[in-house]
Chemist: 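Pasting in a structure now, in structure tokens, and then I'll have a few things to ask.
The structure displayed is predicted, hence computed values, not measured ones. Position 1 is the first residue of the sequence; numbering continues from there.
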Amino acid sequence: ITVDPSDPTHILISDAIWGVIYESNTSLTPDKNVLNLFTNLQALPYDDVNQKGQGVQAITFAPSNPDRVYAGMSVNWCEKFSDEYYCNTNVYASILISEDGGSNWEQIQDNTISGLSVTEILVDPLNENIAWAATNRGVFLTADGGYTWEIRSKGLPETLIMDIQYDPKDSNILYAGTAYKGLYKS
């Protein structure tokens with residue numbers, strides 16, 4: 001769930017398993033389905049149904065421009081159980097971007113991050129084009145609105161990064177929480 005920082009009645013709700021995002025503009029009941037990847041996920045060439053269980057685990061409005069929304073998909077069992085087998089499953093759409101507050105979505109194809117499970121996205125509070133993504137292969141940075149990503153994991157163990165957060169007093173400092181390997185500070 002994410003709430004539009006400029007309009008608390010505009011809420012985006014994501015499904016953790018079947019690649020669905022709902023939008024609500026009037027109440028706590030979703031008004032419309034704005035993204036549905038269920039059919040695409042069912043067509044994936046995996047025999048294990050849990051590998052097809054890929055959902056939007058991270059969804060974040062850019063604080064400086066709520067029209068820009070970032071979403072990240074992950075295999076549910078990777079996120080839920082930190083299971084290496086499922087974390088190594090290629091994700092249908094690692095990063096999705098919306099330029100209209102979440103009503104329409106574009107799948108980003110960047111070889112650096114494509115196929116990875118994205119567990120969290122953190123957007124710079126002052127610049128909508130700068131965002132960080134926590135993944136099953138480390139932390140990634142974009143400086144161009146999500147279209148290209150570079151790995152920024154120096155000093156981190158090779159493990160699933162579960163969460164990332166800014167230091168509340170200095171947005172140049174990041175904290176990364178890992179699966180079973182501890183907490184790290186940039």
Chemist: Starting from Y86, can I reach V91 by hopping between I/L/V/M/F/W/Y residues whose side chains sit under 4.5 Å apart?
Modeler: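 Cluster IDs for V91 and Y86 match.
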Chemist: When you group the ILVMFWY residues by side-chain heavy-atom contacts below 4.5 Å and let the links chain together, are L174 and L141 in the same group?
Modeler: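 Yes, it is one cluster - the side chains of L141 and L174 are joined through contacts under 4.5 Å.
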Chemist: Please answer: with hydrophobic residues joined when any side-chain heavy atoms are less than 4.5 Å apart, are W149 and V118 in the same cluster?
Modeler: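 Shared cluster, yes.
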Chemist: Rounded to the nearest 0.5 Å, how far apart are CG of L41 and OH of Y46?
Modeler: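 So the gap between those two atoms works out to 10.0 Å.
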Chemist: Restricting to non-hydrogen atoms, name the atom on A58 and the atom on E120 that form the minimum distance, rounded to 0.1 Å.
Modeler: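 In terms of heavy atoms, the two residues are closest at CB-CA, 3.6 Å.
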Chemist: Ignoring hydrogens and geometry, is there a side-chain-to-backbone donor-acceptor pair from S74 to N76 under 3.5 Å?
Modeler: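 Pair absent, no side-chain N/O of S74 close to backbone of N76.
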Chemist: Are the charged groups of R68 and E106 less than 4.0 angstrom apart, N to O?
Modeler: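 No, R68 and E106 are not salt-bridged.
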Chemist: Determine whether I11 and E23 satisfy the following criterion, side chain to side chain contact (heavy atoms under 4.5 Å, CB included), listing intermediate values before the conclusion.
Modeler: CA-CA 6 Å; I11 301 169; E23 181 178 45; over 6 Å; no
Chemist: Given 3.5 Å as the limit, does a donor-acceptor pair link the side chain of S153 with the main chain of L156, or not?
Modeler: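 Side chain of S153 to backbone of L156, a donor-acceptor pair under 3.5 Å: no, none is there.
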Chemist: According to ring-ring contact (aromatic ring centres under 6.0 Å, His included), who are the partners of W105, at least two apart in sequence or on a separate chain?
Modeler: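 ring-ring contact (aromatic ring centres under 6.0 Å, His included) list for W105, sorted by chain: empty.
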Chemist: Any donor and acceptor pair, going by atom type alone, linking the side chain of E150 with main-chain N or O of T142 inside 3.5 Å?
Modeler: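 No; judged by distance alone, with no hydrogens or angles, the pair does not exist.
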Chemist: So with a 6.0 Å cut-off around CG of D170, is the heavy-atom count from everything else above 12?
Modeler: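 Yes, enclosed.
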Chemist: Please round to the nearest 0.5 Å and tell me the distance separating atom CD1 of I17 and atom CD of Q57.
Modeler: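 Rounded to the nearest 0.5 Å, the CD1-CD separation comes to 8.5 Å.
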Chemist: Carefully, step by step, assess L12 and V69 under the rule side chain to side chain contact (heavy atoms under 4.5 Å, CB included).
Modeler: CA-CA 10 Å; L12 297 175; V69 186; 3.9 Å; yes
Chemist: With sequence neighbours excluded, what pairs up with F140 under the ring-ring contact (aromatic ring centres under 6.0 Å, His included) test?
Modeler: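 By the ring-ring contact (aromatic ring centres under 6.0 Å, His included) rule, F140 matches no residue at all.
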Chemist: Measuring from I59:CD1 to M73:CE, what's the distance to the nearest 0.5 Å?
Modeler: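 Interatomic distance, I59 CD1 to M73 CE, rounded to 0.5 Å: 11.5 Å.
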Chemist: Shortest non-hydrogen contact from N33 to L35?
Modeler: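 Where N33 meets L35 most closely, the heavy atoms are OD1-O, 2.9 Å.
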Chemist: Could you go through S114 and D110, starting from their C-alpha distance and side-chain angles, then the distance that decides it, and tell me whether this counts as side chain to side chain donor-acceptor pair (under 3.5 Å)?
Modeler: CA-CA 5 Å; S114 290; D110 176 89; 5.8 Å; no
Chemist: Could you report the tightest heavy-atom contact between S82 and L160, atom names first, then the distance?
Modeler: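 Taking S82 first and L160 second, the nearest heavy atoms are OG-CD2, 3.7 Å.
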Chemist: Would you say S64's side chain and E128's backbone share a donor-acceptor pair under 3.5 angstrom?
Modeler: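 Yes, S64 side chain to E128 backbone: donor-acceptor pair under 3.5 Å.
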Chemist: Is there a continuous path of hydrophobic side-chain contacts, each under 4.5 Å between heavy atoms, that joins M162 to I164?
Modeler: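 The answer is no; the residues belong to distinct hydrophobic clusters.
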Chemist: When hydrophobic residues are tied together by side-chain contacts of less than 4.5 Å, even through go-betweens, does L122 share a cluster with V139?
Modeler: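 Yes; tracing contacts between hydrophobic side chains, which count when under 4.5 Å, links both residues.
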Chemist: Should Y92 and N40 be marked as a side chain to side chain donor-acceptor pair (under 3.5 Å) after you check the CA-CA gap, both sets of side-chain angles, and the distance that decides it?
Modeler: CA-CA 8 Å; Y92 177 76; N40 306 62; 2.7 Å; yes
Chemist: Does G101 offer a backbone N or O that forms a donor-acceptor pair with the side chain of H10 under 3.5 Å?
Modeler: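 Yes, the answer is positive, given that a donor and an acceptor are paired below the 3.5 Å cut-off.
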Chemist: Consider side-chain contact (heavy atoms from CB on, under 4.5 Å). Of L96, I121, T2, which one does Y70 pass it with?
Modeler: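 One option only clears the test, and that one is I121.
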Chemist: When you measure from the side chain of D100 to the backbone of N104, do you find a donor-acceptor pair of N or O atoms at a distance under 3.5 Å?
Modeler: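 Flag set: sc D100 to bb N104 pair under 3.5 Å.
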Chemist: Can W132 and Y166 be said to form a side chain to side chain contact (heavy atoms under 4.5 Å, CB included), step by step?
Modeler: CA-CA 10 Å; W132 298 86; Y166 286 116; 3.5 Å; yes
Chemist: Ignoring hydrogens and geometry, is there a side-chain-to-backbone donor-acceptor pair from D144 to T148 under 3.5 Å?
Modeler: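 Here the side-chain-to-backbone pair exists.
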Chemist: How about CD1 on I1, more than 12 heavy atoms from neighbouring residues, nucleotides or ligands closer than 6.0 Å, or not?
Modeler: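 Result for CD1/I1: open.
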Chemist: Could you grab the distance from atom CG of N90 to atom CD of Q54, nearest 0.5 Å is fine?
Modeler: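 Atom-to-atom, N90:CG and Q54:CD are 8.5 Å apart.
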Chemist: Got a donor-acceptor contact below 3.5 angstrom from the N136 side chain to the S117 backbone?
Modeler: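 Present.
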Chemist: Would you give the length of the straight line joining atom CH2 of W18 to atom NZ of K52, rounded to the nearest 0.5 angstrom?
Modeler: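 Nearest 0.5 Å value for the CH2-NZ distance: 8.0 Å.
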Chemist: Walk me through it: do D15 and I21 pass the test side chain to side chain contact (heavy atoms under 4.5 Å, CB included)?
Modeler: CA-CA 6 Å; D15 175 292; I21 298 176; over 6 Å; no
Chemist: Quick one: list whatever passes side chain to side chain contact (heavy atoms under 4.5 Å, CB included) with T178, sequence neighbours left out.
Modeler: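 Residues passing side chain to side chain contact (heavy atoms under 4.5 Å, CB included) with T178: P157, T159, I161, K181, Y184.
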Chemist: From D83 CG over to Y85 OH, what is the distance, rounded to the nearest 0.5 angstrom?
Modeler: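 Spacing of CG (D83) from OH (Y85) equals 9.0 Å.
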Chemist: Does any N or O in the side chain of S94 come within less than 3.5 Å of the main-chain N or O of I113, such that one atom is a donor and the other an acceptor?
Modeler: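 Yes.
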